[in-house]
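A quick write-up on the structure given underneath.
Atom set for the values below is all heavy atoms of this structure, side chains included, hydrogens, waters and symmetry mates excluded.
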Amino acid sequence: MIDLDEFRAKARDWLSTMAGEFGREARRGLSPEQDLALGRRYMAAKYEAGFGGINMPVEFGGRGLSGLHKIVFETEEMEIGFPTVYFGISLGMPIPIIMKFCEDKAWVRERVIAALRGEEIWCQLFSEPAAGSDLAGLRMKAEQDGNGWKLNGQKLWTSHAHLADYGIIVARSDPNVPKHKGLTYFWVDMHAQGVEAKPFELLDHEVVCNEVFFDDVKLTDGQRIGPVGGGFGVALATLMIERYVAGDADGFGPTIPFFVDFARDVELNGRPAIEDGRIRSAIARNYALRNGLRSIRDRAFLMMEAGMEPGPEGSLSKLASVRSRQKLSELAIDLRGAAGLAYDPDAGSKEDWVSSWLSVPTGRIAGGADEMLLNTIAERILGLPQDHRPDKGVPFNQIPA
Amino acid sequence: MIDLDEFRAKARDWLSTMAGEFGREARRGLSPEQDLALGRRYMAAKYEAGFGGINMPVEFGGRGLSGLHKIVFETEEMEIGFPTVYFGISLGMPIPIIMKFCEDKAWVRERVIAALRGEEIWCQLFSEPAAGSDLAGLRMKAEQDGNGWKLNGQKLWTSHAHLADYGIIVARSDPNVPKHKGLTYFWVDMHAQGVEAKPFELLDHEVVCNEVFFDDVKLTDGQRIGPVGGGFGVALATLMIERYVAGDADGFGPTIPFFVDFARDVELNGRPAIEDGRIRSAIARNYALRNGLRSIRDRAFLMMEAGMEPGPEGSLSKLASVRSRQKLSELAIDLRGAAGLAYDPDAGSKEDWVSSWLSVPTGRIAGGADEMLLNTIAERILGLPQDHRPDKGVPFNQIPA
Amino acid sequence: MTILYDEAQEAIAVESRRVLDDKYDLQRLLDLVDVTGSFDEELWQSAVEQGWTALAVPEQYGGLGLGLVELGLIAQNLGALTVGVPFLSGNDAFVQLLLAGSDEAAREAWLPRIAAGEAIGVAALGEGTSPFPAAPAATVVDGKLSGSKAAVAGALKADAAVVWASANGKPALVLVELDDTMRRAVDSFDNSRLYGELVFDGAAATVLLEGEAARKAALKALARLAVVTACEQTGGGEQAMKIARDYALERKAFGQPIAAFQSIKHRIAEIYGLVELARANCIDAAARESEADFVLKACAARLSASEAYDTAARDAVQIHGGIGVTWQLGLHLHMRRARSLSAELGSPLFWEDLLVSELEGATA
Amino acid sequence: MTILYDEAQEAIAVESRRVLDDKYDLQRLLDLVDVTGSFDEELWQSAVEQGWTALAVPEQYGGLGLGLVELGLIAQNLGALTVGVPFLSGNDAFVQLLLAGSDEAAREAWLPRIAAGEAIGVAALGEGTSPFPAAPAATVVDGKLSGSKAAVAGALKADAAVVWASANGKPALVLVELDDTMRRAVDSFDNSRLYGELVFDGAAATVLLEGEAARKAALKALARLAVVTACEQTGGGEQAMKIARDYALERKAFGQPIAAFQSIKHRIAEIYGLVELARANCIDAAARESEADFVLKACAARLSASEAYDTAARDAVQIHGGIGVTWQLGLHLHMRRARSLSAELGSPLFWEDLLVSELEGATA
């Protein structure tokens, strides 16, 4: 297998040749449709260049390298701001799940390659209006229908569902057993009769999430993934895949050097703000926090490289980095006083404090709200008791709504 | 009734004549025994001067003035640092309770006057090893014994029990009913056969709290306060008395002006620390917090004076002020760096940062831990649900220990 | 002045809230967010009809002659509903500065129109990042004002401004009509605040006050602006707290309302504490306008109210989970307003510094 | 240097903890708190026997020639048990400063004795409230040192010090034997740190380094001291967190372990996060000693470890309720140690400023 440093060098070379056509600058001012089209072309180019499906098995069209190779590539790729956002979930969870669970290998290989090339997009239909943090509380109904199944109900928060060709979905196949036990997992064709995705706007006008309605949508039993009633287990396996995805110590917001430059420019009491103790404190504290997160990540990489299981402290990354980003963004805006009131909707959240501040609440919720992450740390790492759960062991249809 | 301003003026006059004999300076270097003896003499002088039992009924030996008069006097009194600490609980809860509930009025009058003059001290025997925040979880056993009762068990955290002549106590008279329902309330003679108070040290060597053991201690039924099984109600009434006692916006620690003076003296990077933004922030934030608490208190006084019920926001006082004191004390010590390591055990916690810092954890727990205060605000003021309580409605002797 | 509300004040609080609740329209507010220069004209008309513009104008100029306490009660209700009319505090600062000067003609010209809702005034004190520069760069020479002043709420629709400027090497407060003034509109994340920089290029300016008298009057006007804004922030914080509480009681997860989880429950209790401290500081400050420590108290109100609203808005969104970050729910209106009210009068750091300076003055 | 521990390092961590656990005696530690000039002699003897004094001394001077990573592992264990022997970090700084200079005779005289546990050294850098004054007031004239240096851990028992002083108008590092030096003992809230001010009145001083070379060596020694101390703080924080966790699992209220209440549960999880960030920064810094950004990384370790220990100690006491504030439980040993380790190397504010200065240097 190609050595990591050599791989990084190759990746950098290739990425730098792509920056002009597909990078941050090339995307400025594009409509969402144009940006998606650009993204599809970039994915195809990436696949041709041998950087698609880096750690996926060769038999499915991947490159058969390690997860570390993938992380190295993506870290470099993120710097340049390519239009990859549409394909992250698609390739992150649904594709690995169908590779792992679906039996028709030829069909899977077709799907994987189409997804890697940006030709097809998959979405993940988990959350519902009454089932967010409490995933097992979902109500989407899956009924036996002849040899197959019939889906009825509503999903919510489904990212990119309006762009998606396929989806993975968890539904309730048996309401008479406790809630974790009555779920079954399927893949669905998003173009099938009865599926309707309605995108809606987030607080910064971003259109990513959808309500998705299922009205008597027919599935074959071949679309089932895992056993009947075993859907919660497959869902957990799906979510576990997220665990080793590269985080960002800056919480996907501006970096500390970016803040330092800002604090040199902006004035406080007629002097550069960076001379003020409060600003120095904010810089130092946030630097220390993010340096710690980077050190944790680096150690995890080294352990994976050495064939060891990384420590559980990796679960701090999103929790700590996004909160750090939120506070620093607020401070930056306030520091500018009346001059901080302006907003440029086209600015990116890594380069603009207002954009960062407006989109950060989504980051604190997506992929596990702070409160759920704290529970996970407390329960799984520290062995503290689960919260009281009145719904535990109660048949789903007897839990008061 | 004497007007408040006139009363304040009279109180100030009298207090200033007492400062030399009984004030902070006079107490410096005294042994605990000497300080207590001085305190008893001060209480007697106060009673003679007409400032004892300010808001207690005249029939019991009090002065029959309003609660506001009492608060005005005590605010002035606190400034001078008299040795009143031994009598605060005694006069604060047990004496009002016996005035309210005991039927032998002549006996009550004797006790009240003796307590006001500092001749007798009462303690409050509530908490136990397994019953702190969860008072109703107490285990002290009260068994019917002929016409009277017999107490067996242990109390904990009883302030001044080793100095006390009498106490009020809650005990479990019936373990077969849910825990709030099986309690009965009594007064006890602390010199009776079988009572043993063992004082112990807190982390700053202060000796206030006791373990108190009861070994077949006999009581008459006349010592019962309230109905059999009605002890929890009387206990709550006792705790409610605390509610309108004057708080201290400085959390019984150093004031903001004291910190300002300190921050002018201490150097940071070769300049007075007060010029640094972080120090200015700490001053401003803590000033704003404490000014808010003072405004809440002043408004409560005015409402009481106008015959209205003050708002529930008074319950913030201890929670907010003691946390503010803790953080500011830590900052002050750290600011001095290596020079902040010295400790003078004789210094008071309103005038010395290390003393304040060492004793502040007790303040965060005594009179309701932060967590309990937040629960009270959430449940009683905001109408949020009670925590899950697996012991609710379960007979006491069936709750797993 | 007492810190207990009298009956008339209680009535103002209740009645103004009723009017606002009647007029409240979430969709209208959402529509305003993205359009620079937009505000809620319908609601403003009601405000004028209700006499809110006349409230703190002296009776001799056609006003009701009421004070900071009453104004604060209205501001609190405006804040609670994140209304799209940014004129109350600016008008008041404008009125106060005219009253502080000695130009009776200017007062007679403007105050009745302000009271009647026919004109809108602002105080333009800040420049760059500073809400109150010691030596303003805007300069008056021979009655002509040049220079630019930082974005002020309401500026895009204002008819006149009192401007903090330099004249003859000393600071001064000058009155300027804005008919011909260039306004650099700010495309903001909270557009119904009508933010605009004012750019003066030889505008006719009447000097109201000069030197130390001007500085004192400007500082006091800024402090009063801070108190009115703090009331607005307190109202916003309280409302965000209540929205979070109601949602936490209704939303269930794991078989119980999420309010039963202490991470939610205690957080709401902490916000309650911040809101009550802010309210207490606002009441205290409003009652001490004529005292020597008014600026100090105003700083305390400003700081605690900014913290309360900021925390309430941030946590309310977080407590809502996914639904909290949707455009349509509109909870982001509180998040936006919390930030805009915090930034528009200068950062908390400015107010911390000012508070300590006042405290140092008092204890020196 | 890698940031994964190798087998030898893992062994040091496990073995040193075993030795310390064997020797741990709460009552002995409690007895030390109030007695100025006391320390845990028995434990110190074990430390010497275990070779911890020789650990980071080069082999040519009778040491084991190991580095900061190994030292940090021992420090972490010392911190976990709030031991009463304050010599590890001071010895190390003393050794490092002798190594930085070029006085081979001094090295040969002192390093073998330090390694053998026969002598104790300290670095006396601070004065007044500053842990590292730019222009030290202590002055060397004609080989005689005068002036006083701020309290240093271990000073009351130290045999020699490297002192940050001024010589010929330039900063210098000088070696002084302390036999005849007056030590102003500090009656402290954490007496087993053996704090004493050193008061020099014409003590014989050997100049090790002068000028910019001295400044660089002193800053690097201070940074290394900060990393060793940060490891000690991290160990203390982790232990306080575990004590709180164990108590919360065992203590019941309202019919369930208090750990089931989110206010307790989430607080412990937050402390876990702080401890892991501190550990990660310590590991990172220890591995970068020879890099240009070592001081920067040391500042990060110092700041996050101070915060972690402070929070862990404060919250552990609070989580314990009443029992937590008793003398006899001894949890206050963590509270005291958290404070003393935070203050003895200068306040967090100093380290914040230093971190930003380093960062500004790096990104300028």
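- With respect to chain D, the highest number of heavy-atom pairs below 4.5 Å among Glu267(B), Glu206(B), Glu330(B) belongs to Glu330(B).
- Interface check for chain B: of the options Ser342(D), Gly324(D), Gly346(D), the most heavy-atom pairs under 4.5 Å are formed by Ser342(D).
- Contact of Val317(D) with chain B is made through backbone and side chain together, with heavy-atom distances under 4.5 Å.
- Of all the listed residues (Arg336(D), Met335(D), Gln318(D)), the one sharing the greatest number of non-hydrogen pairs under 4.5 Å with chain B is Gln318(D).
- Comparing Ala339(B), Gly132(B), Pro361(B) by how many heavy-atom pairs each has under 4.5 Å with chain D, the most go to Pro361(B).
- No side-chain heavy atom of Asp187(D) sits less than 4.5 Å from a side-chain heavy atom of Asp344(B).
- Between Asp204(B) and Val325(D) the shortest side-chain heavy-atom distance does not fall below 4.5 Å.
- Ile319(D) places none of its side-chain heavy atoms less than 4.5 Å from the side chain of Glu371(B).
- Within 6.0 Å of CZ in Arg389(B) there are more than 12 heavy atoms belonging to other residues, nucleotides or ligands.
- In terms of heavy-atom pairs under 4.5 angstrom with chain B, the leader among Asp34(D), Val186(D), Val33(D) is Asp34(D).
- Contact check for Thr326(D) versus Trp157(B): side-chain heavy atoms found under the 4.5 Å cut-off.
- Using a 4.5 Å heavy-atom threshold, the side chains of Leu341(B) and Arg193(D) count as separate.
- Applying a 4.5 Å heavy-atom cutoff, the residues of residues 121-130 of chain D that approach chain B are Gly128(D), Thr129(D).
- Proximity to chain B is limited to the side chain of Asp310(D), based on heavy atoms less than 4.5 angstrom apart.
- Taking every heavy atom of both residues into account, Pro390(B) and Gly255(D) meet most closely at CG-O, 3.6 Å.
- When each of Leu358(B), Leu268(B), Leu331(B) is checked for heavy-atom pairs under 4.5 Å with chain D, Leu358(B) comes out on top.
- For a residue to count as touching a neighbouring chain, one of its non-hydrogen atoms must lie under 4.5 Å from one of that chain's; by this rule Ile323(D) touches chain B with backbone and side chain alike.
- Contact of Asp190(D) with chain B is not made at all, since no heavy-atom distance falls under 4.5 Å.
- For Phe189(D), the parts lying under 4.5 angstrom from a heavy atom of chain B are both the backbone and the side chain.
- Within the 4.5 Å cutoff, side-chain heavy atoms of Arg278(B) are placed close to those of Asp353(D).
- Contact annotation for Pro345(B): neither backbone nor side-chain heavy atoms come within less than 4.5 Å of a heavy atom of chain D.
- Residue Lys392(B) does not touch chain D at all, counting heavy-atom pairs closer than 4.5 Å.
- Between chain D and the options Leu202(B), Asp391(B), Leu203(B), Ile333(B), heavy-atom pairs under 4.5 Å are most frequent for Leu203(B).
- A salt bridge does not link Asp134(B) with Arg251(D): none of the charged nitrogens is closer than 4.0 Å to a carboxylate oxygen.
- Proximity to chain D is limited to the backbone of Ala131(B), based on heavy atoms less than 4.5 angstrom apart.
- Between chain B and the residues Ala253(D), Pro131(D), Ser306(D), Gly322(D), the largest count of heavy-atom pairs under 4.5 Å involves Gly322(D).
- Using a 4.5 Å cut-off between heavy atoms, Leu374(B) makes no contact with chain D at all.
- Taking CH2 of Trp357(B) as the reference point, atom CZ of Arg339(D) lies at 6.0 Å (rounded to 0.5 Å).
- For Leu156(B), no part lies under 4.5 angstrom from a heavy atom of chain D.
- Under the 3.5 Å distance criterion, the side-chain polar atoms of Gln256(D) are matched with a main-chain donor or acceptor of His388(B).
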